[in-house]
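In the text below, chain A, chain B and the rest are named by the order of the sequence lines, each starting its count at 1. Computation of the quantities below employed the complete heavy-atom set of this structure, encompassing side-chain atoms and omitting hydrogens, waters and symmetry-equivalent molecules.
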Amino acid sequence: MANHKSFYITTPIYYVNDKPHIGHAYTTLACDVLARFMRADGRDVHFLTGTDEHGQKVEKSAAAAGIPAKQFCDQVSENFRAMNRLLAISNDDFIRTTEPRHVRASQAIWQALERAGAIYRGSYSGWYAVRDEAYYAEDELTLGPDGRRRAPSGAEVEWVEEPSHFFRLSAWQDRLLAHYAKHPDFILPESRRNEVISFVRGGLKDLSISRTSFRWGVPVPGESAHIMYVWLDALTNYITAVGYPDVDSELYRRYWPATVHMVGKDIVRFHAVYWPAFLMAAGLQPPARVFAHGWWTNEGQKMSKSLGNVIDPFALVDRYGPDPVRYFLMRDLPFGNDGDFSHRAMVNRMNGDLANDFGNLAQRVLSLVQRNCAGRVPLPGVLGDADEAMLGMLDSLLGAMRHSFERQEIHVALNDLWRVIGEANRYVDAQAPWTLAKTDPLRMATVLYVLAEAVRNLALLAAPVVPMGAQRMLDQLAVPAEGRDFRAYGAAGRLQPGTPLPKPLGVFPRFDAKASPAGQAAG
RNA sequence: GGCGGGGUAGCUCAGCGGUAGAGCAGGGGAAUCAUAAUCCCUUGGUCGGGGGUUCAAAUCCCUCCCCCGCUACCA
């Protein structure tokens, strides 16, 4: 049983047949921010991401490329690891469904389901379009004048039937509804929870969980003509990574059930309906939460391959830098909602929030210290009301952000953080240390000490979102490595007066249109 | 069609019974430590339309209009 200090967070495993796009980056990024925050806060974090490498499409793409499927996966899976490096993702593990540990876990959960009587043999049939490699429901089809049925895509369909194993999902309707009722936060945001509940209330059909039409996948134990079908194989990755089927293993006991499965809104059902049903049927605990985030549009347009406007995270980071991209994606919309990416909004955030508000705050404070305190942390005198108020706002900020992050309200946490950054800028202006330098050097030292503390604490809290810039700020305050988590927050980690500081350098540069033409598309 | 969410300042959104708020954008001013950054003041909304309940409604009820999501095997 996972203890309350542990925090196991996962991204979906990404289908290797796809190129990494902003949606993948976004999901992973949200997990990274949460994982970094929790780690800094002393939680025992396990952050998992990876790639889904099975299925007919992969099999075909590999064949088309003329290479073995495994080799194909090795190549394309690497694209996702490259994306992670690019965005400074701090995952603890990267799982691939082609790994032996995962084949073992998938077959083990299959056998557990079989023992529980949750699986039976039958046959899967439906209207299949060879061209689309997909099944369609009767009501999606149109009957042409030639008497042939066609899919919405225009592809001709034919009635096919193949033997298959089924999972008794229909038996889980009441237990799932009871689970949702008992755990109101199992699915967030609430609107997604409503959708799932209404879906389950509508009745559940048994689920086909094996296929014989392709080979690239996990063989069904004892029946290798059958391949485990996508979702059972894919979802199992979350327990593979913590050691399943060794439920007594150190990892499993520490981290299962998962704290949060982060998913896009398109795959909520698989995570909030099928997955808990699989787990409960296998005698395992369901995860504590499934959080579904929204989708991005690009300059108001839906992104699609045919429109050619899919945002490439590599191009994005190349243009704006990793910290600004991370910040923008986490800040510009309520987490859970859909958002729109635009160059204008991106630059507004980058320049307004990062460069002007935060970067410039650090720069002006550090420059004042450098020039007026001989480049050392000043020695504060007695604190006045304004000083206490400033430090007090900082002290209460950690608790507020903790509360928001607990519910994945990343935007609320950032809003709170930037409100205090604003307070710090106002404090600078109100105290005018540049004037005190001439009239009251002792008072100036106190003000600059409070401000240096403000920058230190703000950098600690900003680090999960903008790790590179925050670390550079802490470097400039000569904060030692062991002083960079929340144990050092507030009074516990005050700067030592007299500590020599390096020359300040700008953090969070403004976006320069000349260096990167504004007219150029981001994607 | 059914279920759910939403329509509040130019933009993104908060407020959800007590005579309209924030950030950004726009306008004016102050300051000059700083990445021409910062700070202060300010223009701007009959809170989608209509009806009702109430001493009092973005806030509750009814109705209409519009937008979005879900409505099963698609990563």
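- Note on His24(A): a base of the nucleic acid sits closer than 4.0 angstrom, heavy atoms only.
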Show me the donor-acceptor pairs within less than 3.5 Å that the side chains of residues 22-32 of chain A make with the rest of the protein, sequence neighbours left out.
| unit_1 | atom_1 | unit_2 | atom_2 | d |
| --- | --- | --- | --- | --- |
| His24(A) | ND1 | His21(A) | N | 2.9 |
| Thr27(A) | OG1 | Gly23(A) | O | 3.0 |
| Thr27(A) | OG1 | His293(A) | NE2 | 3.3 |
| Thr28(A) | OG1 | Tyr14(A) | OH | 2.7 |
| Thr28(A) | OG1 | His24(A) | O | 3.0 |
| Asp32(A) | OD1 | Ser90(A) | N | 2.7 |
| Asp32(A) | OD1 | Ser90(A) | OG | 2.6 |
| Asp32(A) | OD2 | Arg36(A) | NE | 2.8 |
| Asp32(A) | OD2 | Arg326(A) | NH1 | 2.9 |
| Asp32(A) | OD2 | Arg326(A) | NH2 | 2.7 |

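- Backbone-only engagement by Arg426(A) is indicated by non-hydrogen atom pairs under 4.0 Å involving sugar-phosphate atoms exclusively.
- In terms of position on RNA chain B, the residue among Lys205(A) and Leu333(A) whose nearest nucleotide sits closer to the 5' end is Leu333(A).
- Base orientation for rA20(B): anti, the chi torsion being more than 90° from 0.
- A perpendicular orientation is assigned to the rings of Trp418(A) and Phe358(A), their planes being inclined by more than 60° (bins at 30° and 60°).
- Each of rA75(B), rA72(B), rA31(B) was ranked by its minimum atom distance to the side chain of Tyr274(A); first place goes to rA72(B).
- Comparing rG69(B), rC39(B), rA72(B) against the side chain of Asn425(A) picks out rC39(B) as the nearest.
- When the side chain to side chain donor-acceptor pair (under 3.5 Å) test is applied to Trp216(A), no partner is found at least two apart in sequence or on another chain.
- Pairs of residues two or more places apart, or lying in two chains, never qualify as ring-ring contact (aromatic ring centres under 6.0 Å, His included) while including a residue from residues 187-212 of chain A.
- For the contact set between residues 356-377 of chain A and RNA chain B, defined by any heavy atom under 4.0 Å, the members are Asn356(A), Asp357(A), Gly359(A), Asn360(A), Gln363(A), Arg364(A), Ser367(A), Leu368(A), Arg371(A).
- Nucleic acid contact class of Trp231(A) (heavy atoms, under 4.0 Å, all strands): sugar-phosphate only.
- Evaluation of the ring-ring contact (aromatic ring centres under 6.0 Å, His included) test over residues 424-447 of chain A, restricted to residues two or more places apart or in two chains, returns none.
- Not counting sequence neighbours, Ser396(A) has no partner by the side chain to side chain donor-acceptor pair (under 3.5 Å) test.
- Gly203(A) comes within 4.0 angstrom of a nucleotide base, judged by non-hydrogen atoms across all strands.
- For Ser77(A), the side chain to side chain donor-acceptor pair (under 3.5 Å) partners at least two apart in sequence or on another chain are Thr51(A), Glu53(A), Arg81(A).
- As judged by a 4.0 angstrom heavy-atom cut-off over every strand, Ile197(A) is placed among residues making no nucleic acid contact.
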Hey, can you pull the donor-acceptor pairs under 3.5 Å for the side chains in residues 273-281 of chain A, sequence neighbours left out?
| unit_1 | atom_1 | unit_2 | atom_2 | d |
| --- | --- | --- | --- | --- |
| Trp275(A) | NE1 | His261(A) | NE2 | 3.1 |

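- Residue-level contact check: Tyr14(A) touches neither bases nor backbone, having no heavy atom under 4.0 Å from any strand.
- Helical stems in RNA chain B, defined as runs of 3 or more consecutive Watson-Crick or G-U wobble pairs with donor-acceptor distances under 3.5 Å: B:1-7 with B:65-71, B:10-13 with B:21-24, B:26-30 with B:38-42, B:48-52 with B:60-64.
- Neither OP1 nor OP2 of rC3(B) sits under 4.0 Å from any side-chain N or O of Arg201(A).
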